[in-house]
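Worksheet: the structure to be examined is printed underneath.
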Amino acid sequence: MTAVTVTDPPPARRRRLARPRRTLVLNAAAVVAGLAVWSGLSLTGIQGLSSPAEVAARAAELVSDGTLPADLLASLRRVFTGFALGTALAVPIGFLMGWYATARALIEPYVQFFRTIPPLAIIPLAIVLMGIGETPKIFVIFLAAFLSSVVSTFQGVLDVDRTLINAARVLGAGDRTIFLKVIVPASTPFIIVGMRIGLGAAWGTLVAAELIAAQEGLGYRMQQAQLYYDLPTIFVGLISIGVLGLVMDRLLLLAERRLTGWQERR
């Protein structure tokens, strides 16, 4: 019998395997460096700058009394609901605008008009029309996510290579097949980018949205801390929002890699 020799993976594969490890090492190094710079700046006596140790101690207090978990869940629920609804509506409308010129002519002026109005400017109107419950909070977050995602989806459909569409038609594909097999896969990277931008806009709108008679949430807690000059609590809120946003963004990137495995990556 001939012995089978196990060889090392080819160089390209070795590089692909090493890339995630290198990225994790660089990410960890960046976090450590950031904490070191933060600690150094806090030792210089800059007014209002809490040290990482003070912020960690305050976070432990808020966790132990149940305040931080309740605020995290409240804010995460609002952001996720508004983001999910905004994206769910933005994707089909973006496809509709990109695929049908008539729909584009009818809808695009409204989309572009509302894009120039910051979602925060809608808050007074939302309070008057929807009251002070959860609905106006979720609505302004929904609007921020929707306007970011719809434009990206619409542009993704427009930017699909016409050669791919013409080739599919030559091979006998109908409009439905072209849409499902060509347009949707080719525009998926644009959709994910729009969702990532929409996610950032949703978190960016959260603090202002929780101005609307909220009793819990990260934005509400930070606003209360501002009244009492409680800087460690403000830092805890900022870091919590950043970490949650980062985790959700990485989940979107993971979904993108699974949905667009056909793409070449650098």
Side-chain angles (χ1 to χ4, degrees), residues 62 67-94 107-108 110-155 190-227 230-231 233-253 255-256:
L62 293 173
T67 300
L68 186 56
D71 288 338
L72 287 172
L73 288 176
S75 293
L76 190 59
R77 182 181 65 250
R78 290 168 183 145
V79 168
F80 181 78
T81 303
F83 171 72
L85 292 174
T87 302
L89 183 62
V91 172
I93 289 181
I107 300 173
E108 187 179 12
Y110 289 99
V111 171
Q112 300 301 337
F113 172 79
F114 283 105
R115 281 185 66 225
T116 62
I117 303 175
L120 304 185
I122 304 295
I123 288 178
L125 180 62
I127 293 174
V128 172
L129 296 179
M130 304 176 186
I132 57 174
E134 286 294 299
T135 303
K137 301 179 184 65
I138 293 174
F139 175 74
V140 294
I141 295 172
F142 153 83
L143 193 61
F146 169 79
L147 293 173
S148 298
S149 297
V150 69
V151 174
S152 185
T153 302
F154 158 59
Q155 196 62 46
F190 289 85
I191 296 172
I192 299 296
V193 169
M195 291 175 66
R196 294 179 66 191
I197 297 173
L199 179 63
W203 279 108
T205 310
L206 172 71
V207 175
E210 289 182 340
L211 281 169
I212 309 173
Q215 297 300 318
E216 59 182 358
L218 295 172
Y220 165 77
R221 195 65 54 194
M222 292 166 63
Q223 292 156 23
Q224 293 297 112
Q226 176 192 359
L227 298 176
D230 184 1
L231 295 173
T233 298
I234 294 175
F235 275 101
V236 170
L238 289 173
I239 293 171
S240 299
I241 290 174
V243 170
L244 287 174
L246 180 62
V247 170
M248 293 178 71
D249 181 76
R250 290 299 177 265
L251 291 175
L252 286 176
L253 281 177
E256 180 189 24

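Atoms considered below: every heavy atom in the structure, side chains included; atoms not considered: hydrogens, waters and symmetry mates.
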Subject >> Separation of Phe142 CZ from Thr205 OG1 (nearest 0.5 Å) >> reply: 12.5 Å
Subject >> Residues in side chain to side chain contact (heavy atoms under 4.5 Å, CB included) contact with Leu252, at least two apart in sequence or another chain >> reply: Phe83, Met195, Arg196, Leu199
Subject >> Atom pair CD1 (Ile197) and CG (Asp249), whose distance is rounded to the nearest 0.5 Å >> reply: 10.5 Å
Original post:
Do side-chain atoms of Gln215 reach the backbone of Tyr220 as a donor and acceptor pair under 3.5 angstrom?
Top reply: no
**OP:** Identify, with sequence neighbours excluded, every residue that meets side chain to side chain contact (heavy atoms under 4.5 Å, CB included) alongside Asp230.
**Re:** Arg58, Ala225, Pro232, Thr233
**OP:** Look up atom CD1 in Ile123 and atom CE in Met130, then write down how far apart they are to the nearest 0.5 Å.
**Re:** 11.5 Å
Original post:
Can you tell me how far the CG atom of Leu244 sits from the CD1 atom of Ile239, to the nearest 0.5 Å?
Top reply: 12.0 Å
Original post:
Does any non-hydrogen side-chain atom of Ile107 lie less than 4.5 Å from one of Phe154?
Top reply: no
Subject >> pair Leu68-Leu218: side-chain heavy atoms closer than 4.5 Å >> reply: yes
**OP:** Take Glu210 and Lys137, measure what salt bridge (charged side-chain N to carboxylate O under 4.0 Å, His left out) needs, and give me the verdict at the end.
**Re:** CA-CA 6 Å; Glu210 289 182 340; Lys137 301 179 184 65; over 6 Å; no
Original post:
Within the distance-only criterion (no hydrogens, no angle test), does the side chain of Ser152 pair as donor or acceptor with the backbone N or O of Ser149 below 3.5 angstrom?
Top reply: no
Subject >> Side chain to side chain, Ile132 and Ile127, heavy atoms closer than 4.5 Å >> reply: yes
**OP:** Applying side-chain contact (heavy atoms from CB on, under 4.5 Å), run through Ile241 and Ser75 and close with a yes or a no.
**Re:** CA-CA 9 Å; Ile241 290 174; Ser75 293; over 6 Å; no
Original post:
Mind checking whether Arg77 and Ile138 have side chains closer than 4.5 Å, heavy atoms only?
Top reply: no
Original post:
side chain to side chain contact (heavy atoms under 4.5 Å, CB included) with Leu147: which residues, sequence neighbours excluded?
Top reply: Phe114, Arg115, Leu143
Subject >> Enclosure of Gln224 CD (heavy-atom neighbours >12, cutoff 6.0 Å) >> reply: yes
Original post:
Looking only at heavy atoms, what is the nearest atom pair of Phe139 and Ala126, with distance?
Top reply: CD2-CB, 4.4 Å
Original post:
Can Leu76 and Met248 be said to form a side-chain contact (heavy atoms from CB on, under 4.5 Å), step by step?
Top reply: CA-CA 10 Å; Leu76 190 59; Met248 293 178 71; 3.9 Å; yes
